[in-house]
**Student:** 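Attaching a single structure in structure tokens format; questions to follow.
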Amino acid sequence: MEIIGHKFTSETVLVPCIYLAHRRAETYPEPEQFRPERFLNQKFSPYEYLPFCGGYRGCIGAAFCMYELKLVTAIILSNFQLTLTDKRPVYPVRRGITIVPSGGVKMVVTKKAKLKRQTILST
């Protein structure tokens, strides 16, 4: 098989690197910046955003997990103001098969948002 000018034999094992895929400047302008709004107006393909791997070996619970993640994040951000306790950069480290922030990301609730009745819809 040949991919972008590189030839691979049938014995070669190719594994996607999620860390590098999510840092491609062609896909994510300013990839090292925390910019969650980049996901609001663009739907990334399974080859551009792959938090649960991809292909036929993708995670069976990926759709439910993404729904749950969006729901929890929306509820927290709608009700609370969060502030980082440390402004120093956080670096990714490998933990098992995942990449996590080194030392975690410690935050404090600085202000409770005014509660108003709202409905959270999923798209």
Side-chain angles (χ1 to χ4, degrees):
M1 174 187 294
E2 185 173 327
I3 302 175
I4 315 173
H6 299 279
K7 293 182 180 182
F8 300 95
T9 66
S10 60
E11 292 82 29
T12 304
V13 175
L14 299 175
V15 179
C17 181
I18 295 171
Y19 178 82
L20 292 176
H22 291 171
R23 281 161 182 76
R24 291 192 68 207
E26 297 87 359
T27 307
Y28 302 99
E30 300 177 43
E32 297 297 325
Q33 298 296 315
F34 178 70
R35 295 189 36 222
E37 67 274 7
R38 70 175 93 226
F39 294 93
L40 293 176
N41 297 320
Q42 181 176 352
K43 182 169 174 70
F44 293 95
S45 81
Y47 303 102
E48 296 172 320
Y49 180 66
L50 44 152
F52 305 103
C53 204
Y56 65 92
R57 291 183 182 219
C59 176
I60 193 169
F64 178 71
C65 184
M66 285 303 290
Y67 171 75
E68 187 176 49
L69 177 66
K70 289 176 184 179
L71 188 62
V72 169
T73 302
I75 289 170
I76 290 171
L77 295 178
S78 295
N79 293 299
F80 299 98
Q81 177 87 31
L82 303 174
T83 304
L84 291 171
T85 60
D86 190 349
K87 301 287 187 196
R88 286 183 284 174
V90 176
Y91 297 99
V93 294
R94 183 174 173 173
R95 183 181 300 153
I97 62 167
T98 62
I99 304 288
V100 299
S102 61
V105 180
K106 295 179 175 94
M107 297 183 173
V108 294
V109 176
T110 57
K111 175 179 129 182
K112 189 169 182 175
K114 293 183 180 182
L115 296 177
K116 55 184 171 186
R117 288 180 93 54
Q118 59 185 348
T119 303
I120 297 175
L121 300 175
S122 171
T123 57

**Student:** Are V108 and L82 packed together at the side-chain level, in the sense that at least one heavy-atom pair is separated by less than 4.5 angstrom?
**Tutor:**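 Side chain of V108 against side chain of L82, heavy atoms only: no contact under 4.5 Å found.
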
**Student:** Less than 4.5 Å apart, any side-chain heavy atom of H22 and any of L50?
**Tutor:**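 Of all side-chain heavy-atom pairs linking L50 with H22, at least one is under 4.5 Å.
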
**Student:** Quick one: pull up CG in L40 and CZ in R35 and give me the separation to the nearest 0.5 Å.
**Tutor:**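 Output value for this atom pair is 11.0 Å.
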
**Student:** Could you give the distance from NZ (K106) to OG1 (T83), rounded to the nearest 0.5 Å?
**Tutor:**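 Result: 16.0 Å between the selected atoms.
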
**Student:** With rounding to the nearest 0.5 Å, note down the distance linking NZ in K87 to OG1 in T85.
**Tutor:**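 Result: 9.0 Å between the selected atoms.
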
**Student:** With hydrophobic residues grouped by side-chain heavy-atom distances under 4.5 Å, do M1 and I4 end up in a single group?
**Tutor:**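 M1 clusters together with I4.
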
**Student:** Tell me, please, which residues at least two apart from S10 pass side chain to side chain donor-acceptor pair (under 3.5 Å).
**Tutor:**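 Side chain to side chain donor-acceptor pair (under 3.5 Å) check on S10 returns nothing, list empty.
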
**Student:** Indicate the atoms forming the closest heavy-atom contact of A21 with Y28, along with that distance.
**Tutor:**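 Of all heavy-atom pairs spanning A21 and Y28, the closest is O-CE1, 3.7 Å.
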
**Student:** Taking Y91's backbone N and O only, do any of them form a donor-acceptor pair with S102's side chain (distance below 3.5 Å, no angle check)?
**Tutor:**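 Present.
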
**Student:** Between R38 (side chain only) and P29 (backbone N and O only), is there a donor and an acceptor less than 3.5 Å apart?
**Tutor:**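 Yes, the answer is positive, given that a donor and an acceptor are paired below the 3.5 Å cut-off.
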
**Student:** Quick one: side chain to side chain contact (heavy atoms under 4.5 Å, CB included) partners of L20, sequence neighbours excluded?
**Tutor:**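 With sequence neighbours excluded, L20 shows a side chain to side chain contact (heavy atoms under 4.5 Å, CB included) to C17, given in chain and number order.
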
**Student:** Applying a strict under-4.5 Å side-chain criterion to I, L, V, M, F, W and Y, I'd like to know whether V100 and V90 cluster together.
**Tutor:**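 No; V90 is not reachable from V100 via cluster members.
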
**Student:** Is it true that V105 and V72 fall in one hydrophobic cluster, defined by side-chain heavy atoms closer than 4.5 Å?
**Tutor:**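 Yes; V72 is reachable from V105 via cluster members.
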
**Student:** For a quick test of reading the model, state the closest non-hydrogen atom pair linking Q42 to F44 and the distance between them.
**Tutor:**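 For Q42 and F44, the tightest heavy-atom pair comes out as NE2-CE2, 3.4 Å.
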
**Student:** Could you grab the distance from atom CD1 of I75 to atom NZ of K70, nearest 0.5 Å is fine?
**Tutor:**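 Here the rounded value is 14.0 Å.
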
